Amino acid sequence: MKHFFSIIGGMGTIATESYVRLINHRVKITKDQDYLNYILVNDAQIPDRTAYIMDHSKPNFFYDLKDDVLSQSKLNPDFFVMPCNTAHYFYNDLAALTDVPFLHMMRIAVHKFVDDFPKEEKIGLIATEGSIYDHLYVDELERVGKKAELGGPEIQPMVNELIYRDIKEKGIVDHDLYHKILKTMHDEYGCNVILLGCTELSLAQEKAPDHPYNVIDPQSIIADVSIELALKIRNGMDPKEATAKYMYK
């Protein structure tokens with residue numbers, strides 16, 4: 001197979017399925033051959049990311065990701081994409097394993113926020129406890145001179161319920177709960193834009209988009225970037241040249 005990219009997925013599987021569905025449905029097609037070439041590594045056995053980040057006595061998820069990146073690198077994909085926000089905890093270590101361009105989903109989303117909402121000084125952040133605990137998005141926002149608003153103590157339990165009890169455990173999206181979280185962040189904490197810092201939250205946005213709030217959805221953004229890059233490379237652009245604009249340092 002020529003000109004393909006590798007997706008490091010399975011974190012979780014339903015969220016990865018959402019990303020794949022987005023790229024399949026958003027690419028413009030008139031025939032089978034117009035779809036993108038990719039290899040999906042749905043490694044559902046990767047240990048829980050948040051559990052390790054908050055307690056290093058728990059299984060370390062780096063080694064499973066390392067194996068996936070090294071095995072895929074042998075196939076020489078044009079680029080890597082990893083549709084899991086919290087897994088970017090090990091982004092630098094994973095990117096150092098390969099010469100293949102490795103997109104940074106969180107960094108690309110933050111720059112999209114800056115471009116689309118240049119006058120907004122802060123963005124509401126809802127994410128896993130692991131991402132919040134290790135300041136993954138907070139640090140990326142501070143790099144570009146923006147602030148993250150995390151809301152009050154009532155926010156994280158609602159986010160956890162939506163991510164873990166509803167989506168991960170039951171495979172459902174509670175539309176009302178998702179909208180309640182967005183409304184609370186907007187009305188109570190003055191967030192004109194809200195960042196969905198977990199791919200399960202991106203799935204919630206896909207399934208329940210009927211609300212009036214501005215969101216930055218990293219999974220949706222990285223899906224569009226994946227399509228853009230894959231088509232440029234298919235049309236003859238060098239992969240490193242094509243990905244250079246998104247390799248923010």
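Atom set for the values below is all heavy atoms of this structure, side chains included, hydrogens, waters and symmetry mates excluded. Just so you know, residue 1 is the first one in the sequence shown, and it goes up from there. In this text the structure is predicted, and so the values were computed from the model without any measurement.
Counting only heavy atoms from C-beta outward, the side chains of Y137 and I123 never approach each other to under 4.5 Å. The shortest side-chain heavy-atom distance between I222 and I108 falls under the 4.5 Å cut-off. Using a 4.5 Å heavy-atom cutoff, the side chains of P218 and N85 are in contact. Looking at heavy atoms from C-beta onward, T199 lies out of side-chain contact with Y19 at the 4.5 angstrom threshold. The shortest side-chain heavy-atom distance between L201 and L162 falls under the 4.5 Å cut-off. At least one side-chain heavy atom of I216 sits under 4.5 Å from a side-chain heavy atom of F117. Looking only at side-chain heavy atoms (C-beta outward), D174 and M158 stay at 4.5 Å or farther from each other. Using a 4.5 Å heavy-atom cutoff, the side chains of F79 and Y246 are not in contact.
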Should L195 and F113 be marked as a side chain to side chain contact (heavy atoms under 4.5 Å, CB included) after you check the CA-CA gap, both sets of side-chain angles, and the distance that decides it? CA-CA 9 Å; L195 196 158; F113 164 60; 5.6 Å; no
Apply the test side chain to side chain contact (heavy atoms under 4.5 Å, CB included) to residues F102 and L94: give CA-CA distance (whole Å), side-chain angles for both, the deciding distance (0.1 Å), then the verdict. CA-CA 8 Å; F102 202 129; L94 295 170; 4.0 Å; yes
Candidate pair L75 and M1, rule side chain to side chain contact (heavy atoms under 4.5 Å, CB included), full reasoning: CA-CA 10 Å; L75 302 177; M1 181 166 60; over 6 Å; no
Between Y189 and L150, does a side chain to side chain contact (heavy atoms under 4.5 Å, CB included) hold up when you go through it step by step? CA-CA 9 Å; Y189 299 102; L150 303 179; over 6 Å; no
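The CE atom of M54 lies 10.5 Å from the CG atom of D134; values are rounded to the nearest 0.5 Å. Once rounded to the nearest 0.5 Å, the distance linking CD of Q219 with CD of E206 reads 7.5 Å. One distance of note links NE2 of H25 with CD1 of I227; it measures 11.0 Å at 0.5 Å rounding. To the nearest 0.5 Å, atom CG of residue D78 and atom NZ of residue K240 are 9.5 Å apart. Here I181 contributes atom CD1 and I126 contributes atom CD1; the two are 5.5 Å apart, rounded to the nearest 0.5 Å. The CD1 atom of I155 lies 9.0 Å from the NZ atom of K180; values are rounded to the nearest 0.5 Å.
Surrounding NZ of K119 are at most 12 heavy atoms belonging to other residues, nucleotides or ligands under 6.0 Å away. Within a 6.0 Å radius of NZ in K66, no more than 12 heavy atoms belonging to other residues, nucleotides or ligands are found.
There is no side-chain donor-acceptor pair under 3.5 Å between E154 and T184. Side-chain N/O atoms of Q72 and D68 include no donor and acceptor closer than 3.5 Å. A donor and an acceptor atom, one from each side chain of Y38 and S226, are nowhere located under 3.5 Å apart. The closest side-chain donor-acceptor pair between Q45 and D64, if any, does not fall under 3.5 angstrom.
By the criterion of side-chain heavy atoms lying less than 4.5 angstrom apart, applied directly or through intervening Ile, Leu, Val, Met, Phe, Trp or Tyr residues, M106 is not grouped with L196; the two fall into different hydrophobic clusters. Under the 4.5 Å side-chain heavy-atom criterion for grouping Ile, Leu, Val, Met, Phe, Trp and Tyr, Y213 is connected to V159 within one hydrophobic cluster. Follow the hydrophobic side-chain contacts under 4.5 Å out from I233 and you reach M247 in the same cluster. L36 and I7 fall within the same hydrophobic cluster, defined by Ile, Leu, Val, Met, Phe, Trp and Tyr side-chain heavy atoms under 4.5 Å apart, directly or through other members. Hydrophobic clustering (side-chain heavy atoms under 4.5 Å, transitive across Ile, Leu, Val, Met, Phe, Trp, Tyr) groups Y52 together with I8.
The shortest non-hydrogen separation linking G9 to I46 is O-CD1, 4.2 Å. Closest non-hydrogen pair, G190 versus K122, comes out as O-CE, 3.3 Å. Nearest heavy atom pair, residue L141 against residue A148, reads CD1-CB, 3.6 Å. Nearest heavy atoms, K232 versus A242: CB-CB, 4.5 Å. Nearest approach of P77 to V100, heavy atoms of both residues: O-CG1, 3.5 Å. Closest non-hydrogen pair, I23 versus V20, comes out as CG1-O, 3.2 Å.
When each of T50, D48, I53, T86 is paired with F61, the side chain to side chain contact (heavy atoms under 4.5 Å, CB included) condition holds for I53 and for no other. Screening H186, Q205, K183, H175 for a side chain to side chain donor-acceptor pair (under 3.5 Å) with H211, the sole residue that qualifies is Q205. Of the options F90, Y89, Y91, a ring-ring contact (aromatic ring centres under 6.0 Å, His included) to F62 is made by F90 and by none of the others.
One N or O on the side chain of E200 and one on the backbone of G12 form a donor-acceptor pair closer than 3.5 Å. Proximity of a side-chain donor or acceptor of E120 to a complementary backbone N or O of V114 within less than 3.5 Å is not detected. At distances below 3.5 Å, at least one donor-acceptor pair connects side-chain atoms of R26 with backbone N or O atoms of S220. A donor-acceptor contact shorter than 3.5 Å is absent between the side chain of H135 and the backbone of S131. Under the 3.5 Å distance criterion, the side-chain polar atoms of H88 are left unmatched by any main-chain donor or acceptor of L136. Not one N or O on the side chain of T98 forms a donor-acceptor pair closer than 3.5 Å with the backbone of A95. In this structure, the side chain of D166 does not engage the main chain of I172 through any donor-acceptor pair within 3.5 Å. At least one donor-acceptor pair closer than 3.5 Å links the side chain of N235 to the backbone N or O of L231. N214 places a side-chain N or O within donor-acceptor distance of the main-chain N or O of N192, the cut-off being under 3.5 Å.
A salt bridge does not link D115 to K112: none of the charged side-chain nitrogens sits closer than 4.0 Å to a carboxylate oxygen. Under the 4.0 Å criterion applied to side-chain N and carboxylate O atoms, E228 and K245 are assigned as salt-bridge partners.
For Y248, the ring pair (Phe, Tyr, Trp, His ring centres under 6.0 Å) partners two or more places apart in sequence, or in a different chain, are H111. Residues meeting the side-chain hydrogen bond (donor to acceptor under 3.5 Å, both in side chains) test with S202, sequence neighbours left out: D217.
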